[in-house]
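Each remark here refers to the structure printed beneath this line.
Throughout, a chain's letter reflects where its sequence line sits, starting with A, and its residues are numbered from 1.
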Protein chains: 2
Amino acid sequence: MSKNCNFIEKLREIGLRPTKQRVKMCEVLFNREKTFHFTINDLVKMISDEMNEKISLATVYNTVHVFQKKGYLKEISINSDKSYFDTNTSAHHHFYDEDTNELIDCDESDIDKINIRKNITGKKINSVEVLVKVASDNQNQK
Amino acid sequence: MSKNCNFIEKLREIGLRPTKQRVKMCEVLFNREKTFHFTINDLVKMISDEMNEKISLATVYNTVHVFQKKGYLKEISINSDKSYFDTNTSAHHHFYDEDTNELIDCDESDIDKINIRKNITGKKINSVEVLVKVASDNQNQK
DNA sequence: ATCTACATTATAATAATTCTAAACTGTTGA
DNA sequence: TCAACAGTTTAGAATTATTATAATGTAGAT
Ligand SMILES: [Mn+2]
Ligand SMILES: [Mn+2]
Ligand SMILES: [Zn+2]
Ligand SMILES: [Zn+2]
């Protein structure tokens, strides 16, 4: 979903009613220069900061899942207590900072294309994700 | 932790009291031909099947985390509602079957060694994990 | 046998997520 | 224009994995 657009029309085009909650979520998620990573809680905070009205947590969950299903958000595979989403839906990989719990994008030049030589009968590959876990390099490990 | 051994001695060597719960967990986890993947719930079921006595869920959680910290178990990064562990602690990658929620090991020949060309100042790489998500190849997507 | 530090346990607490069912609203077509 | 309907939001409850608590039990040392 490209930025700087009429989200009302965009939502209609993909068959979603352009409610004010959805439009606001579109603005917060897609109307910006750079893509970013977020948890549901991050997103609720961002919306609350930009809106004077409240938005229900259930609506945020529902809408994030709808956007994901429609292909406008991607869920990142980290095992954490919470789910991480990405407004960058292209195939790309991540660094995960275990100190700060932050995700950082890799660009194409950072990691060679992964070539999968195994195939599982009757199954097709849906995604290939590389997660590079990093942490503080301090020698002072207590 | 190698199979077919005296787990009482092994546990002592790594500074853990060889309680009967821990010994049983060792047997279930490490006394077998092949490594495997499991969730906490899987493991509780396996233990219950092999033991007539009950084991507390808290003990299973605690002991799995101790074994992980000591390096005898590895946690796999999938985002799922539950955590997956691996008795294969060597660096290796996984297929994740989204239909059955099963993990399948890749061997070295399946995926080339990943070369990371980016580095993040002050951070060291702790792990590099590739997750290949697969699902049924049916054309009949309703 | 007794002591004590460490373990196990049942249970409660926590926290992310999903479910529910009632109230609300965008859209349609009479 | 406006009633009707289907889709949507919502607060709160339910679910579920996980962690914390605190009482009880026990392995190993003396
Ligand atoms: Mn979890
Ligand atoms: Mn989750
Ligand atoms: Zn990303
Ligand atoms: Zn594995």
Pull out every protein N or O sitting under 3.5 Å from an N or O of nucleotides 9-13 of chain C, one pair per line with the distance.
from	atom 1	to	atom 2	distance (Å)
C:dT9	OP1	B:Gln21	NE2	3.1
C:dT9	OP2	B:Ser56	N	3.0
C:dT9	OP2	B:Thr59	OG1	2.8

Set out, line by line, the N/O atom pairs under 3.5 Å between protein and nucleotides 28-30 of chain D.
from	atom 1	to	atom 2	distance (Å)
D:dG28	OP1	B:Arg12	NE	3.1
D:dG28	OP1	B:Arg12	NH2	2.6
D:dG28	OP2	B:Arg12	NH2	3.2

Between B:Asp86 and B:Asp105, is the side chain to side chain contact (heavy atoms under 4.5 Å, CB included) condition met? List the steps. CA-CA 10 Å; B:Asp86 197 337; B:Asp105 277 347; 3.9 Å; yes

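A 6.0 Å sphere centred on CD of A:Glu108 holds no more than 12 heavy atoms belonging to other residues, nucleotides or ligands.
In this structure, A:Leu11 places its CG atom 10 Å from P of D:dT9, rounding to the nearest Å. Between the C1' atom of D:dT16 and the CG atom of B:Asp42 lies a distance of 15 Å, rounded to the nearest Å. The CD1-P distance, from B:Ile14 to C:dA7, rounds to 11 Å in whole Å. Atom CG in A:Asn101 sits roughly 15 Å away from atom C1' in C:dA15 (whole-Å rounding). Atom-to-atom, OH of A:Tyr84 to C1' of C:dT17 comes out at 16 Å; the value is rounded to the nearest Å. Separating the NE2 atom of B:His65 from the C1' atom of C:dA7 is a distance of 17 Å, rounded to the nearest angstrom. In this entry the distance linking CD of B:Gln68 with P of D:dT18 reads 12 Å, nearest Å. Between the CG atom of A:Asp81 and the C1' atom of D:dT15 there is a distance of 17 Å, rounded to whole Å.
Atom-to-atom distance recorded for B:Lys45:NZ and B:Thr39:OG1 is 7.0 Å, nearest 0.5 angstrom.
Side-chain N or O atoms of B:Thr59 include none that pairs as donor or acceptor with a backbone N or O of B:Ile55 at under 3.5 Å.
Of the candidates D:dT18, C:dT8, C:dA16, the closest approach to any side-chain atom of A:Lys82 belongs to C:dA16.
Ring planes of A:Phe30 and A:Phe7: tilted class, angle from 30 to 60°.
At least one side-chain heavy atom of B:Thr100 sits less than 4.5 Å from a side-chain heavy atom of B:Asp97. Put simply, the side chain of A:Phe36 does not reach to within 4.5 Å of the side chain of A:Asn88, judged on heavy atoms.
Taking the ring-ring contact (aromatic ring centres under 6.0 Å, His included) definition, one finds that A:His94 meets it with A:His37, A:His92, sequence neighbours left out.
Residues A:Lys20 and B:Asn41 both approach DNA chain D. Their nearest nucleotides, taken by heavy-atom distance, put A:Lys20 toward the 5′ side.
Between C:dC6 and B:Thr19, no contact under 4.0 Å exists linking OP1 or OP2 to a side-chain N or O. At the phosphate of D:dT18, OP1 or OP2 sits under 4.0 Å from a side-chain N or O atom of B:Ser83. Between C:dT18 and A:Tyr61, no contact under 4.0 Å exists linking OP1 or OP2 to a side-chain N or O.
By the 4.0 Å N-to-carboxylate-O rule, A:Lys24 lies close enough to A:Glu27 to be salt-bridged with it.
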